[in-house]
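Below is one structure; the comments refer to it alone.
One-based numbering, in listed order, for ligands and for the atoms of each.
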Amino acid sequence: MKTKIAVLVSGGGTNLQALIDAQGTVLNSGEIALVVSNAKGAYALERAKKAGIATETVLKKECGSQAAFEEKLKEVLTAHGIELIILAGFMTILTENFTSAYPRHILNVHPSLIPSFCGEGFYGLRVHQAALDYGVKVTGATVHFVNEIPDGGEIIAQKAVYIEEGDTPEILQRRVMEQAEWILLPQAAEKVCASLQEEK
Ligand code: GAR
């Protein structure tokens, strides 16, 4: 039996798309059983529906508190029999209440070489803006396990990407996605799913 994966998203979902496209080629030991969004109308939900994957939307505002939001997420994941959680552009921090329920069973993709440009406040274009402001010549992407420290869990995979003359945050974001994130995330997901299979 393949590892049942839930992908948690907030926006466009290009990393979700990379995972969907990798199913049956790079990603063989796991299957995406559920996509959960914390934002209404996220385009990632359309990508999931087109691929015939179940979707759920869980809004923090409707739950009333962070604790209730995390409990609702757990309920939904349990109801779908999820074994591995992948944060793919999920733009909210999960507390220890949530992360401690799934040790080494949550992955995140971050658009820099951790420990640079990561942690609270570093998400999306802000990460690339910070890399350009600092003047680094190399950036990249990291896939890591998620624990209670934002972007602080064990690193699974990293890939470097060169910064080029004239880069804007948008141009750099696209290059980091194309050259690193969309390749690295499915590979890391496969590696973790395969090791979970061995444990079974
Ligand atoms: C990706 O670049 C992802 O690494 C980043 O947001 C983008 C989401 O794009 N995530 C973070 O910054 C998390 N700290 P996508 O919705 O097209 O996959």
Any donor-acceptor N/O pair, Lys159 side chain to Leu184 backbone, under 3.5 Å: no
Determine yes or no for a side-chain-to-main-chain donor-acceptor pair under 3.5 angstrom, with Glu83 supplying the side chain and Lys4 the backbone. yes
Among Gly89, Gly121, Ala18, Ala42, the residue with a heavy atom nearest to atom 8 (C) of ligand 1 is Gly89
If you measure every N/O of Glu181 against every N/O of ligand 1, is any gap under 3.5 Å? yes
Please assess Lys74 against Glu70 for the test salt bridge (charged side-chain N to carboxylate O under 4.0 Å, His left out), listing each intermediate value before the final yes or no. CA-CA 6 Å; Lys74 282 191 214 169; Glu70 292 181 354; over 6 Å; no
So for Met91, does at least one of its heavy atoms come nearer than 4.0 angstrom to any atom of ligand 1? yes
Heavy atoms from other residues, nucleotides or ligands near CD of Glu199 exceed 12 (cutoff 6.0 Å): yes
Going by the atom numbers of ligand 1, which of them fall below 4.0 Å from some non-hydrogen atom of Phe122? 14 (N)
Could you say whether the N/O atoms of Asn15 and ligand 1 ever approach to under 3.5 Å? yes
Does either side chain, that of His128 or that of Glu170, offer a donor lying less than 3.5 Å from an acceptor on the other one? no
Does ligand 1 come near enough to Gly13 that some N or O of the ligand is less than 3.5 Å from an N or O of the residue? yes
Check whether more than 12 heavy atoms from other residues, nucleotides or ligands sit under 6.0 Å from atom NZ of Lys191, and answer yes or no. no
Just by distance, with hydrogens left out, do Gln197 and Ser29 show a side-chain donor and acceptor under 3.5 Å apart? no
Atoms of ligand 1 less than 4.0 Å from Pro111 heavy atoms? 2 (O), 4 (O), 5 (C), 10 (N), 11 (C), 12 (O)
Report yes or no: does a heavy atom of Ala44 sit under 4.0 Å from some atom of ligand 1? no
How does Phe90 reach ligand 1, if at all, at less than 4.0 Å between non-hydrogen atoms: by side chain, backbone, both, or neither? neither
When only distance counts, is His128 in polar contact with ligand 1, meaning an N/O pair under 3.5 Å? no
Is Glu75 salt-bridged to Lys72, cutoff N-O under 4.0 Å? yes
Looking only at the side chains, is there a donor atom on one of Thr95 and Glu148 sitting less than 3.5 Å from an acceptor on the other? no
Which of the numbered atoms in ligand 1 are under 4.0 angstrom from any heavy atom belonging to His110? 14 (N)
Show which atoms of ligand 1 fall inside a sub-4.0 Å distance from at least one heavy-atom site of Met177. 1 (C), 2 (O), 9 (O), 17 (O)
Are any of the N or O atoms of Gly124 closer than 3.5 Å to those of ligand 1? yes
